[in-house]
Amino acid sequence: MSIDANAVVLERYNAKVFKNRKEHMLKVNPAEDQIIIANTRAIPGIMTNRGCCYAGCKGVVLGPIKDMVTITHGPVGCGFYSWGTRRNKAKAEGDAPNYIQYCFTTDMQEPDIVFGGTKKLKKAIDEIMELMHPKTIMIAATCPVGLIGDDIQAVAAEAEKEYGIRCVAYSCEGYKGVSQSAGHHIANNGLMKRVIGTGDYEPATKYSVNILGEYNIGGDGWEQERILKKIGYEVVSVFTGDGEVERIASSHKANLNLVQCHRSINYIAEMMKTKYGVDWLKVNFIGLEGTVQSLRDMAAYFGDPELAQRTEQVIAEELAEVQDQMAAYKARLNGKTAALFVGGSRSHHYQGLLQDLGIKTVLAGYEFGHRDDYEGREIIPNIKDDADSKNIEHITVEKDEKKYHAYLTQEQYDKLAAEIPLEKYHGMIRDMDEGTYVVDDLNMYEAEKFMEILKPDMFFSGIKDKYALQKAGTLSRQLHSYDYSGPYAGFKGATQFGYDLCMGYFTPAWHMVTPPWKNRATLQGTVGE
Ligand code: SF4
C-alpha cells in the first residue's frame, strides 16, 4: 500500500490539533464524494499563511481601482505593509487620475484610540480633497476602528454631502471572518450597493463583457484584454486590476460577466445576475488549454458564427506564435512534479498551465478557499454559517425592472448551461488525479513535511515560505507576485511562465549547495612510494 502523506504529517500534532487539521486534508479519490473542511479559524500559533479581512477588502478588491482614493483608517502598519506589495499594474491614461502608487492612511495615534479617530479621518478627507480632488473616496477600517466604535459610515456620508463625491466606508476590520475571504465579501457588497448600476456608459458592441476577479498581477489582465479585443469583444470593465470606478459603475450594461477568480468575486457575479440579468461564465485564462476553452465557451455563449470563426482564427494565430517556445520548455520540464499553495483560485488555475508544460501536480491547497472552491458550487446549500461568518454582512438584491436585460432567452440559457460552465464552478478537486493531496490552510511545518515526503521538483507558494523551501533545496516560485515577472495569463503569459520556470529550475546554483569538501577528499596524495 502506498504511503499516506497526510497521516505522516498529522503524527506530530496533539489530539486537539490532529482532530482539527485532519479535516482540512484529503487524498484524492474520484470514486468518492469527498468533503474537505475549509473557511474555518486557523489554529493559534500554527504559523498559518493567511492574511486578514482588511487585506481581502482593501488589498485585493478595492486597492487596484486606480481612479479613486482608498484611505486606510488605522495605525500606520496596515497601510504601510500593503503599500505597493501586490503587483496590480495600472496605467495612467491621459489626464485621468491614477492614485494607486500612493498609500493614504490616517496613521492613528494613542489619542485617536482614546478619544476616537473620526475627526482625524474627516481631516484626512479634507486634505485629500484639497490636494487630489478625487471623485470617489473609499475608507477601509482596520482592527482598532471597530473596537473603539468609530462611526466611519457617518464620516463618509458627511464627506459625500460636503464635497458632492462618492464616499463609501467598509467595515473590514482585520479580525472579521477568518481570512482575506471575509474582506472580499465586504468589498463586493460595497461595490454592489454603491457603485455598480450608477454609470451610464453604453457599450459599443453587443459582445460586451466584464472580467471579474482579475487583478492584473504583472499585466495578466492586459494580456486577456488584448486577446478579447483581437477577437472583437469590448471589455466594459475589469474587477479590479487596472480598474476604473467609473467603468465599474456601468458594468451592469455588459452582456456577460467572465469570472476568473471565483472566490473573491462570485458574490458580485451572483448579484448582478439577479439584479441586472447579466449571466456569468467561469473562465480560466491561465494555461493554453484553459484559455482556448474559455474563448470557445464565450463564442458559444454569444452564438454568432462569425464570432466563432474569428475566435478560431485568433486561437490558431496565437498558438502558432507560442508553440515552438512552449515545446522547448516542455521538453525540459516534462515529467517534473509540483506542489501549489496559493490564495483562493490560483492553486487550481495553474494546474492547467503546468500540465501544458508536462508537469504533474502532487499537492494543492488554498489559504482561504471555501468548500465550493474545492468541491464545486453545488455544495453551497450544504455549507452552514458558523459564528465567524455570521458577522459578515450578507446582502440580497432584487431585480431592477428598468436596468434588467437578459442576453439569452430561458430556452437558450438552459441549452447552453448543459454545454458550458454558465454560473457553474466545479471546484479544484475534480481536476486532480487520484492519489494526489489537497490541503487547506497549509502551514509552515506542513509545507516542509510534505516536501520531505512527496519531494516535488517545485513548490509554488508565496513570499513567506519561498525562502524556507529554497533553503531546503527545492525551487519555489511565487504565484502571488510572480517573483516580479509576468504576465502569466493567456498565450504570451504561458511562455513567460515556461521561461521563468526553466530559469529557476535549471539555475546552476542548485548544484553548488553542498560545498566540495563535503563529498570530495580535500587532500590528495600517495603513501609509501
Ligand atoms: S489584522 Fe488588523 S492590524 Fe493586522 S493588517 Fe489586518 S487590519 Fe491591520
Side-chain angles (χ1 to χ4, degrees), residues 39-65 69-88 100 102-114 116-118 120-121 124-125 137-153 155-156 168-191 215 240 263-264 342-344 366-369 386-393 441 443-444 462-465 478 480-481:
N39 190 36
T40 57
R41 280 180 200 190
I43 295 171
I46 206 158
M47 285 181 77
T48 174
N49 264 316
R50 282 178 174 176
C52 69
C53 178
Y54 159 82
C57 180
K58 185 265 178 188
V60 173
V61 182
L62 300 179
I65 304 177
V69 164
T70 304
I71 305 175
T72 297
H73 184 38
V76 76
C78 323
F80 180 79
Y81 286 104
S82 58
W83 180 14
T85 42
R86 261 191 116 231
R87 301 180 58 237
N88 330 98
I100 71 160
Y102 297 104
C103 166
F104 299 91
T105 172
T106 48
D107 183 21
M108 288 172 94
Q109 305 292 322
E110 262 180 39
D112 306 313
I113 302 294
V114 176
T118 51
K120 197 171 190 188
L121 176 60
I125 294 172
I137 293 182
M138 303 287 189
I139 301 163
T142 61
C143 286
V145 172
L147 299 175
I148 62 172
D150 269 3
D151 189 350
I152 56 172
Q153 312 293 342
V155 178
V168 189
Y170 294 81
S171 297
C172 54
E173 289 86 353
Y175 51 76
K176 281 199 174 150
V178 298
S179 67
Q180 292 93 313
S181 176
H184 303 147
H185 198 161
I186 290 168
N188 277 222
N189 290 349
L191 290 176
Y215 301 102
T240 55
R263 181 66 270 131
S264 64
V342 210
Y366 295 129
E367 266 175 62
F368 48 76
D386 63 8
D388 294 306
S389 42
K390 276 189 183 142
N391 66 5
I392 303 156
E393 185 191 28
D441 188 19
N443 56 57
M444 196 64 247
I463 187 66
K464 281 179 277 192
D465 37 15
Q478 299 180 63
H480 298 273
S481 72

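Indexing begins at 1, ligand by ligand and atom by atom, following the structure's order. Quick note: residue numbers are just sequence positions, from 1.
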### Query
Which ligand 1 atoms are under 4.0 Å away from a heavy-atom of Cys143?
1 (S), 2 (Fe), 3 (S), 7 (S)

### Query
Measuring to atom 2 (Fe) of ligand 1, does Cys78 have an N/O/S atom at a distance below 2.8 Å?
no

### Query
Roughly how far, to the nearest 0.5 Å, is NE2 of His184 from OG of Ser179?
7.5 Å

### Message
Distance to the ring centre below 6.0 angstrom and angle to the axis at most 45 degrees; does that hold for Arg263 and Tyr366?
### Response
no

### Query
Which atoms of ligand 1 have any heavy atom of Thr142 under 4.0 Å away?
7 (S)

### Query
Do you see a protein non-hydrogen atom under 4.0 Å from atom 1 (S) of ligand 1?
yes

### Task
Using only heavy-atom distances, determine whether the side chains of Tyr170 and Thr70 contain a donor-acceptor pair under 3.5 Å.
no

### Summary
In ligand 1, the atoms that come under 4.0 Å of a heavy atom of Gly174 are 1 (S), 2 (Fe), 6 (Fe), 7 (S)

### Task
Would you kindly specify which portion of Cys52 sits under 4.0 Å from ligand 1, judged on non-hydrogen atoms: side chain, backbone, both or neither?
side chain

### Worked verdict on Gln153 versus Ser171 for side chain to side chain donor-acceptor pair (under 3.5 Å)
CA-CA 9 Å; Gln153 312 293 342; Ser171 297; 3.2 Å; yes

### Query
Where do Lys464 and Arg50 come nearest, in terms of heavy atoms and distance?
NZ-O, 3.9 Å

